[in-house]
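The first residue of the sequence shown is numbered 1, and numbering continues consecutively from there.
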Amino acid sequence: MNLGNCVKTALSFLPAEAKVRFSREPKAVLSEELGLVVTPVDHLTEQRNDGGACDGMSFLEDGVILYAPTPNSRRENFTLAHELGHWLVDQASECYDWLADLDDPGRMLETVCDHIAQELLLTDEAVTQAIGGGPPVAQNLLDLYAATHASRPVCAIALARHLPGLGAVTIINRKDRTVAHASVNPDPERGWPQVFPWRGQQVPAGHSLLALPIGQRMTRRLSWRTPWGTQEDYFVDAVAEGNWIHVLFSGFDLWNIESFQVPIERDFDTRPKIWGYCCGRKFETRGYPCPNCRKPYCPSCKNCPCDRASAAAIVCTNCFIERQAHLVTDGVCLDCRS
């Protein structure tokens, strides 16, 4: 199985009539045809792990979708379509089996749900027509946004699917210098690189992309720096519109920018993936386990099981030895009370 097959398999659990109806009446499809409870929440404080691009959360076992409402907007439809993607993937056990074997299943799951949302809201025919006969360019994103009812993230997702190799389609907010959306197309053989643009990352002050004049295009080789300080080069094609800078990243010279093309040597994430349970949820992360308990560190609280046990321990006021909390009463441990 691959990304495209996973999307196709998940969508097979949605009736054909519902697919056609969804772009017009997303809430009705979710509630009437699938029996899901769809609830707007004005202040949605939780976020999806791995930088999910939508303003929603799903509680699949309870059949509940919470979302931040933006009535009659393109973004609200994308949020609901993305959450439907999580529900559809949950129906397809073969998709979860495939995701579990990947190097970065969390991000890939979000990518799958993004692609499902795009399939429901924007046709491939419209994307192919916007691109024409050449490689994708940043202007295609603006053309799609103007010609359809799809949101900017949906247009970015659709465009990223047409990248021939490692790359990404991003939308940068010039005012706060953050990546508002990123749809990454991983390398088909080596997976996710260690350095790539992702939602929420800050663009360093003085970066060439931030200086791009409105209405102007930039096509060149640029460095991208991660929040942890590493950087690598990408070939980029960018265009600015208002506060938004639309950027296509490519791992190779897709636009023939350089006459003498030397492949960019880049590192890919090869740390082992490990599963754990903490902070009330099951998680998957890339990294190395604690050398003492051999368990992973929680990505939320940053603690391993022995860290948590130590933090919860109480020092006995009699023997001054750390004991588990349930073994201590009024400051005295069970052994000292015997």
Side-chain angles (χ1 to χ4, degrees), residues 2-7 47-54 78 82 85-86 89 95 98-99 102-119 122 127 131 135-138 140-141 144 151-173 178-203 209 221-228 230-238 244-255 264 266-271 273 284-286:
N2 56 30
L3 174 59
N5 290 336
C6 182
V7 172
Q47 298 182 22
R48 284 202 176 281
N49 299 321
D50 304 303
C54 72
F78 169 64
H82 181 100
H86 279 274
V89 172
C95 286
W98 171 68
L99 288 165
L102 298 180
D103 290 338
D104 201 333
R107 282 198 176 98
M108 185 58 80
L109 173 59
E110 293 302 315
T111 301
V112 168
C113 294
D114 280 351
H115 283 212
I116 290 172
Q118 181 256 297
E119 289 268 359
L122 184 61
V127 181
I131 294 175
V137 295
N140 297 150
L141 198 159
L144 280 169
S151 65
R152 291 178 195 266
V154 169
C155 295
I157 294 160
L159 205 56
R161 297 181 70 174
H162 286 260
L163 291 172
L166 171 65
V169 180
T170 67
I171 303 170
I172 295 172
N173 186 330
T178 60
V179 178
H181 174 81
S183 184
V184 177
N185 189 37
D187 186 275
E189 295 182 359
R190 304 181 67 185
W192 294 85
Q194 289 190 2
V195 177
F196 59 91
W198 195 245
R199 189 187 188 200
Q201 288 183 2
Q202 283 274 320
V203 183
L209 288 171
R221 178 171 173 161
L222 287 176
S223 293
W224 183 261
R225 181 182 294 274
T226 65
W228 47 92
T230 56
Q231 70 177 40
E232 287 182 355
D233 284 358
Y234 281 92
F235 296 96
V236 305
D237 182 86
W244 305 109
I245 306 169
H246 307 82
V247 190
L248 268 65
F249 290 78
S250 176
F252 65 98
D253 195 354
L254 183 60
W255 303 283
I264 299 174
R266 68 181 74 250
D267 295 325
F268 288 80
D269 197 346
T270 59
R271 292 175 300 166
K273 66 177 182 181
E284 184 275 338
T285 186
R286 271 198 167 276

N/O donor-acceptor pair under 3.5 Å between Thr178 side chain and Ala180 backbone: no
Using modelled atom types only, decide if a donor and an acceptor are shared between the side chain of Trp224 and the backbone of Val203 within a distance under 3.5 Å. no
At their closest point, which heavy atom of Leu209 faces which heavy atom of Ile245, and how far apart are they? O-CD1, 3.2 Å
Heavy-atom distance under 4.5 Å between the side chains of Asn173 and Trp244, does that happen here? yes
CG/Asn185 to NE2/His115 distance, rounded to the nearest 0.5 angstrom? 7.0 Å
On a heavy-atom basis, the closest approach of Leu141 and His246 is CD2-CD2, 3.5 Å
Looking at Phe78 and Ser151, what are the two nearest heavy atoms and their distance? CB-OG, 3.7 Å
For the pair Trp198 and Phe196, name the ring-plane relationship: parallel under 30°, tilted 30 to 60°, perpendicular over 60°. perpendicular
Heavy-atom pair of closest approach, residues Leu163 and Ala168: CD1-N, 3.5 Å
How long is the gap from CD1 on Ile157 to NE2 on His162, to the nearest 0.5 Å? 12.5 Å
Of all the heavy-atom pairs spanning Ser183 and Ala156, show the shortest one and how long it is. CB-O, 4.1 Å
Between the main-chain N or O of His82 and the side-chain N or O of Asp114, is there a donor-acceptor pair closer than 3.5 Å? no
Just jot down the side-chain hydrogen bond (donor to acceptor under 3.5 Å, both in side chains) partners of Asn140, sequence neighbours excluded, or say none. none
Side-chain heavy atoms of Leu248 within contact of Pro136, under 4.5 Å: yes
Could you give the distance from CZ (Phe249) to CG (Leu254), rounded to the nearest 0.5 Å? 13.5 Å
Return the set of residues passing side-chain hydrogen bond (donor to acceptor under 3.5 Å, both in side chains) with Asn5 (not counting sequence neighbours), or none when no residue passes. Asn2
Could you pull out the closest heavy-atom pair between Arg199 and Ala182, with the gap in Å? N-CB, 3.9 Å
Measure the CD-NE2 distance between Glu110 and His86 for me, rounded to the nearest 0.5 Å. 4.0 Å
Please round to the nearest 0.5 Å and tell me the distance separating atom OG of Ser250 and atom CZ of Arg221. 11.5 Å
Separation between CG of Leu99 and CG of Leu3, rounded to the nearest 0.5 Å: 9.5 Å
Which residue pairs pass the salt bridge (charged side-chain N to carboxylate O under 4.0 Å, His left out) test with at least one member in residues 154-172, sequence neighbours excluded? Glu119-Arg161
